[in-house]
Q: 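Below is one structure. I have some questions about it.
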Amino acid sequence: MLLALLLLFMMLFFLAAGIFFLKMNEDNLPRWEKLPRNRTAGGILGLIALLAFIPNVKPLFSPEQNLYWLIPAALILAALCYLYLDHLLARSAAGALILLVHGVLNEAYTADLAGTSFFALMSLAGGTYAIYIAAKPYCLRDSFRAMCRKKKWRLTGSVFSFLWALSALILLVQQAGRIAK
């Protein structure tokens, strides 16, 4: 069930992203250039990503250890990121994408679905781009500039988003068929 929800969210997100990428142009370039530095949206997305990361940390600790400190640690870390990091939305989006790809790949391979290899290739490309954006967040702004100025980059971003949505849809249909059985 978790996989189906993650795939549905991923499919809808990338469909919306592909549509937004198609509508990018020089007229709305100033708005797109400011987006990666948005502190409020970046802080919220970063907090959500940090809280979603907690289940990934649990295997590192023994069951006897109290993990009550992980949620306050995530809140403190999100506050520190909000106060001191620049390009917060770009960094948060990159981190959230990496976590989402990891979670969906893990669930998809556990479910042993047929289209996972195509999805894995899409996830490799998206995850690599997300790691690059996490390391150099100003490159997201540069990507938006390229998409606003050149149709080739706008179509590339849209096609990649639509392919990712398609791969998520393929896995979602297979997962729905398994749940129905």
Q: Within the 4.5 Å heavy-atom criterion, are Leu171 and Phe118 side-chain neighbours or not?
A: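 In short, these two side chains do not touch, never coming nearer than 4.5 Å.
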Q: Given side chains that start at C-beta, do those of Leu140 and His87 come closer than 4.5 Å, heavy atoms only?
A: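 Contact flag for Leu140/His87 side chains = no.
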Q: Work out which heavy atom in Ala49 is nearest to a heavy atom in Leu99; give both atom names and the distance.
A: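 In this case the closest contact between Ala49 and Leu99 is O-CD1, 3.3 Å.
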Q: How many angstroms lie between CG in Leu15 and CG in Leu169, if you round to the nearest 0.5 Å?
A: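 That separation rounds to 8.5 Å.
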Q: Would you indicate whether the side-chain heavy atoms of Trp164 and Ser123 approach each other to under 4.5 Å?
A: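 Yes, at least one pair of side-chain atoms sits under 4.5 Å.
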Q: How far apart are the closest heavy atoms of Leu88 and Asn38, and which atoms are they?
A: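 Minimum heavy-atom separation between Leu88 and Asn38: CB-O, 4.3 Å.
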Q: Measure the CG-CG distance between Leu51 and Leu47 for me, rounded to the nearest 0.5 Å.
A: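 Output value for this atom pair is 4.5 Å.
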Q: Counting C-beta onward and ignoring hydrogens, is there a side-chain heavy-atom pair between Tyr82 and Arg39 closer than 4.5 Å?
A: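 The answer is yes, as the side chains (C-beta and beyond) meet within the 4.5 Å cut-off.
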Q: Taking all non-hydrogen atoms of both residues, which atom of Ala74 and which atom of Leu50 are closest, and how far apart?
A: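 Answer, listing the atom of Ala74 first, then Leu50: O-CD1, 3.6 Å.
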Q: If you compare all heavy atoms of Met147 against all heavy atoms of Trp153, which two are closest, and at what distance to 0.1 Å?
A: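 In terms of heavy atoms, the two residues are closest at CG-O, 3.5 Å.
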Q: Check whether Asp142 reaches the backbone of Arg145 with its side chain - one donor and one acceptor, N or O, closer than 3.5 Å.
A: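 Answer holds: no.
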Q: Does the side chain of Phe162 come within less than 4.5 Å of Leu22's, by heavy atoms?
A: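 Counting from C-beta outward, Leu22 and Phe162 do come under 4.5 Å.
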Q: Kindly work out whether a path of hydrophobic side-chain contacts (I/L/V/M/F/W/Y, heavy atoms less than 4.5 Å apart) joins Leu89 to Tyr129.
A: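 In one cluster: yes.
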Q: Do Trp32 and Phe20 pass the side-chain contact (heavy atoms from CB on, under 4.5 Å) test, and can you show the C-alpha distance, the side-chain angles, and the key distance before you say yes or no?
A: CA-CA 11 Å; Trp32 284 101; Phe20 278 117; 4.1 Å; yes
Q: Rounded to the nearest 0.5 Å, how far apart are OG1 of Thr128 and CD1 of Ile133?
A: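 Atom-to-atom, Thr128:OG1 and Ile133:CD1 are 12.0 Å apart.
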Q: Which atom names give the shortest non-hydrogen contact between Ser158 and Gly18, and what distance separates them?
A: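 Closest approach of Ser158 to Gly18, heavy atoms only: OG-O, 3.1 Å.
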Q: Once you round to the nearest 0.5 Å, how far does CZ of Arg91 lie from NZ of Lys136?
A: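 Spacing of CZ (Arg91) from NZ (Lys136) equals 12.5 Å.
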Q: For Ile54, look at atom CD1 and say whether over 12 heavy atoms of other residues, nucleotides or ligands are found less than 6.0 Å away.
A: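 Enclosed: over 12 neighbouring heavy atoms sit under 6.0 Å from CD1 of Ile54.
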Q: Please answer: with hydrophobic residues joined when any side-chain heavy atoms are less than 4.5 Å apart, are Leu163 and Ile19 in the same cluster?
A: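 Per the 4.5 Å side-chain linkage, Leu163 and Ile19 are co-clustered.
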Q: Side chains of Leu166 and Met122: closer than 4.5 Å at any heavy-atom pair?
A: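 When only atoms from C-beta onward are counted, Met122 and Leu166 do not touch, as no gap falls below 4.5 Å.
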Q: Treat each ILVMFWY residue as a node, draw an edge where side-chain heavy atoms are under 4.5 Å apart, and state whether Leu29 and Phe21 are in one component.
A: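 No, Leu29 and Phe21 fall in different hydrophobic clusters.
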Q: Can you find a heavy atom in the side chain of Phe14 that is under 4.5 Å from one in the side chain of Phe9?
A: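 Heavy-atom side-chain distance check fails, nothing below 4.5 Å.
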Q: Under a 4.5 Å side-chain heavy-atom rule over Ile, Leu, Val, Met, Phe, Trp and Tyr, are Ile131 and Phe160 clustered together?
A: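 As far as the 4.5 Å side-chain criterion goes, Phe160 and Ile131 are not connected within one cluster.
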Q: Roughly how far, to the nearest 0.5 Å, is the CE atom of Met24 from the SG atom of Cys148?
A: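 Result: 4.0 Å between the selected atoms.
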Q: I need the Met10 CE to Leu12 CG distance, nearest 0.5 Å.
A: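 Nearest 0.5 Å value for the CE-CG distance: 12.0 Å.
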Q: Test of understanding: clusters of I, L, V, M, F, W, Y form through side-chain heavy atoms closer than 4.5 Å, transitively. Do Leu70 and Ile48 belong to the same one?
A: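 Per the 4.5 Å side-chain linkage, Leu70 and Ile48 are not co-clustered.
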Q: Looking at Gly126 and Leu97, what are the two nearest heavy atoms and their distance?
A: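 In this case the closest contact between Gly126 and Leu97 is O-CD2, 3.7 Å.
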